[in-house]
Novice: 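Handing you a structure now.
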Amino acid sequence: MERTISYQSQPQKIKKMGKNSFIREIRKNHLLYLLTLPGILLIFVFAYLPIFGIVIAFQDFRPIEGVFGSPFVGFENFRFFIESKEVYRVVMNTVFLNVLFILFTTVVSVSLAVMFSEIKLKKFKVITQTLATLPHFLSWTVVAMIVAVYLPYQGGVVNQILNAFGIESVAFYNEAAYWPFLLVFIKVWHAAGFGSIVYLATISGINPEIYESASMDGATRWRKIWHITLPLLKPTIILLLLLALGGIFYGDFGMIYAIVGKNALLYPTTDVIDTYVYRALTEFSNISMSSAIGLFQSFVGFILVLTVNQITRKYSPDSALY
Amino acid sequence: MKGKFRKAALPVIALLLMLSTVLAACSSNESAGNTNSGTKQEESQDTDTNAAQAPDPATLKFMFFGDKPTDLDKVLAEFEKRTKDTLNTKIEFDFVPGAEFRQKQLLAMSTGESFDLTFDAPWATLYNHLSLGYYQPLDKYFNNDEYPGLKNAFPAEMMESNKINGHIYTIPFQTSYADPFIIGIRKDVREQLGLPPVKTMDDFKNYLEAVKTQLPDYVPMVIGGRGIFRLGLPEEKGRNDIRLATIKPESFTGGIPFSVSISPDGKKVLGAATIGDPESAFADFPAPFNTHDSIYGHFGTRVEYRTYTNEDPLSKQATDALDPIKQGAIETTISNLSQDRLKLQKLKPDADYEPFFYTSDDIRDMKPGAIRTTFIANNSAVVPASSKNVDRTMKFLDWMFSNRENHALIELGIEGEHWIADGDSGFQTTDKSPDYKFPGYEMTWNPTLSRLNTSNEPEVIKYVEYAQDTSSYYQVPLSGFVFDSKPVATEIAKINPKLQQTYDILMTGLEPNWKPFAEKSNKEWRDLGLEKVREEVLKQVQAYLDAGGK
């Protein structure tokens, strides 16, 4: 605790030190700066250097001639995506599915975290927590195989159960309408347990004295969750939501392609930008067109994060990113 | 606040500056290394031509897809031992898993990484990558007495039909031009039902009907996303005034299955029509192909057979999860049938498949001129433009294709260990064979050198030999035509996902009202630029004919 305090008070000290402060700052904290070096290096190499690659999206990129030799074609590479009527549906699917994913995983993660924190029996807590986080470590290919045990028309577990109750089999793989629900269910099962870890950490950081005094005032367990835990979780929830929003235009290719694959009957509800682009360009491996879409997705994500952050700053300044 | 930022920013900027100098140093080092190796290579080529003794050592890098054969290193050691004094070449194989292969190959080529041989084929990315200039022309290595092995193994007429825009870019691999498509009928099930062997389409339907009614927990006909692949496809056998593209894999126009008709004298292109086009588009086509259904009516047949197929064929997982024992018939090819049989008998020893030649009676009866082909090899290797070792690579291939002994070492492994000879041109597998499964279609398959697996059933061998005989084939018109998709890349990228979606549903017969569905989809493709692609197809085919193409 003392350490943190002394560290936080440093900026004020520096202020008084005058012109040579930079060198002194480095000298004083050189070990700390050294610690940041690998991180900065990583970000610089993998996030900043490749930014120059954006030009490819505006070029008729010919690998043999390279980035400097390929001719510029303006927005030509964006045409195939912007002009297609399919795009409306695909973008809607992407945003719709992602909103559902974000919403439901957050709700379930938070509830799980609260429940875990309320479990008093230690062994039981460890077991349930492990079981809840486990699915996160299964790759989507494995998940797709598990799904294939449950959903087929002939011999699928779900249909066998339905038949046992005298209900006719459902051809899940032929009916697009079921899939937003199914995908959300799978996504929540896969991600919520792991997502709850961050919230659980925040909860365990809450000062126990607050709960004690609430108990003394006669607050029930439910009251304490509602009036103490959840309000204190709010900044974390908003922060994570903000981060998630940045990726709202990225369809979860790994998940959807593994589970839905090339099933044309399910495209109406499951086709997202990434799977669509994959199909559109798979025969040509056109680097320029795929870069154009990538740029489009990150640009929209960037704008979204900026806007939402502005709104957050207005209504809940503590939770804003910057 | 501002001052704070500046203080934090300064060290960061300093770090970045430092980093960029370090990185710049790295990259310049690397390029220096590259030029070094380049000059070395040139020197070695000089000595190569000057002296007959062993050339300087060279290391070739080959990138292929699939699994690395377990005993590859053993075989390569034997190869190096045998050729130390002649080739003095080391080969590094990079086997990339199928799903990542295209990505890795593309990345390597677009960054100019030097490697010397890789796989590409008409059905993969060959034409597209060629138009981007990824591959080197190889004309001078074929039909050249300096490369006698290549000259013998790749006759001039074979290379002629594999030329692209007048040049040789590929080393074609094939043991035959086609692998006849068949349906594997469950012999044991058929006998259990007391039915005669399936010889005609009527027999086939009777059999499926019997399975459906008498064995309700069986799937009569199991299909995947491509349906009963070549069911009811018309053929242009014996004609030179039309080239059909009845299904997507038959497309020779950028993935959109346009059938193209040309005037009887072969001078003028008359029209191009595809799935769901109005009848007027077919009016100029030669009879009997002058209606939509005469070419694309097979989608209707697929709907008829829908009642016998598994419920959710478009889901690969659901198809894979079906009980293999409870399947009345499967869709396969003649050379895959043995594998299918082995898999089945592992689960049910008394079960068996028998082939039904559903595409054509002529193929069943092994008549000459029965199999449709362009005479373009299905599989081939190419030399990337970035390779600096073309001569050495071709020398290696020349060595490998110069005789049966060299060839078998790479294709089958060490004699006596991975295989044993059976006659002049056959081989038998051993219990060590699974340790050296080299993907022959990526580097070795050849009609004159490849040995035939005599462990197969005699019936399969008969058909494999039939398929190896060039006279079993007929050539379709416009065989040498290569469509350049560049001018309409945007349109094709817009149409393709939509077309694929419709196509998968049509192939599996999932839409009972297939024709209105096809027509509606066709209208959507038109909104996405189908007409522009059609114009381009007509233009390019005409240009091909004008240049003397057939």
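Heavy-atom basis, side chains included; hydrogens, waters and symmetry copies ignored. Values in this document were obtained by computation on a predicted structure and should not be read as measured data. Below, chain A is the first sequence line, B the second, and so on; all start at residue 1.
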Novice: Examine whether an atom of A/Ile259 lies under 4.5 Å from a heavy atom of chain B, and if so say whether it belongs to the side chain, the backbone or both; otherwise answer neither.
Specialist: backbone
Novice: Counting only heavy atoms closer than 4.5 Å, note whether B/Ile495 contacts chain A via side chain, backbone, both or neither.
Specialist: neither
Novice: For residues 320-329 of chain B, which side-chain N or O atoms pair as donor and acceptor with protein atoms under 3.5 Å away, sequence neighbours left out?
Specialist:
| unit_1 | atom_1 | unit_2 | atom_2 | d |
| --- | --- | --- | --- | --- |
| B/Asp320 | OD2 | B/Lys316 | NZ | 2.9 |
| B/Asp323 | OD1 | B/Ile325 | N | 3.1 |
| B/Lys326 | NZ | B/Asp217 | OD2 | 3.4 |

Novice: Let's test your reading of the structure: which of A/Phe61, A/Tyr267, A/Phe172 forms the most heavy-atom pairs below 4.5 Å with chain B?
Specialist: A/Tyr267
Novice: Can you establish whether the number of heavy atoms outside A/Glu168 located under 6.0 Å from its atom CD is more than 12?
Specialist: no
Novice: Mind listing the closest non-hydrogen atom pair of B/Leu528 and A/Ser84 along with its distance?
Specialist: CD2-OG, 3.7 Å
Novice: Does some side-chain heavy atom of B/Glu491 sit less than 4.5 Å from a side-chain heavy atom of A/Arg79?
Specialist: yes
Novice: Please give me the minimum heavy-atom distance between B/Leu314 and A/Ala264, naming the atom from each residue.
Specialist: CD1-N, 3.8 Å
Novice: Would the distance check show the side chain of B/Asp312 and the main-chain N or O of A/Tyr153 forming a donor-acceptor pair, the cut-off being under 3.5 Å?
Specialist: yes
Novice: Compare all side-chain heavy atoms of B/Gln317 with those of A/Leu151 and state whether any distance is below 4.5 angstrom.
Specialist: no
Novice: With a 4.5 angstrom heavy-atom cut-off, which part of A/Asn77 approaches chain B: side chain, backbone, both or neither?
Specialist: neither
Novice: With a 6.0 Å cut-off (strictly less than), is the heavy-atom count around OH of A/Tyr250, excluding the residue itself, greater than 12?
Specialist: yes
Novice: Measure across A/Glu86 and B/Gln501 and return the closest heavy-atom pair with its distance rounded to 0.1 Å.
Specialist: OE1-OE1, 4.3 Å
Novice: Is chain A contacted by the side chain of B/Gln103, its backbone, both, or neither, given a heavy-atom distance below 4.5 Å?
Specialist: neither
Novice: Find the distance between OH (A/Tyr173) and OG1 (B/Thr319) and round it off to the nearest 0.5 Å.
Specialist: 9.5 Å
Novice: Can you measure from CD1 (B/Ile505) to CG (A/Leu265) and round to the nearest 0.5 angstrom?
Specialist: 4.5 Å
Novice: When you compare the side chain of B/Thr490 with that of A/Met289, does any pair of heavy atoms fall below 4.5 Å?
Specialist: yes
Novice: Do you know which two heavy atoms are closest between B/Asp504 and A/Lys262, and how far apart they sit?
Specialist: OD2-O, 3.8 Å
Novice: In terms of heavy-atom contacts, does CZ of A/Phe72 have more than 12 from other residues, nucleotides or ligands at under 6.0 Å?
Specialist: yes
Novice: Determine, step by step, whether A/Gln154 and B/Asn310 satisfy the side-chain contact (heavy atoms from CB on, under 4.5 Å) criterion, reporting the C-alpha distance in whole Å, the side-chain angles of both residues, the deciding distance to 0.1 Å, and the verdict.
Specialist: CA-CA 8 Å; A/Gln154 278 121 329; B/Asn310 36 320; 4.1 Å; yes
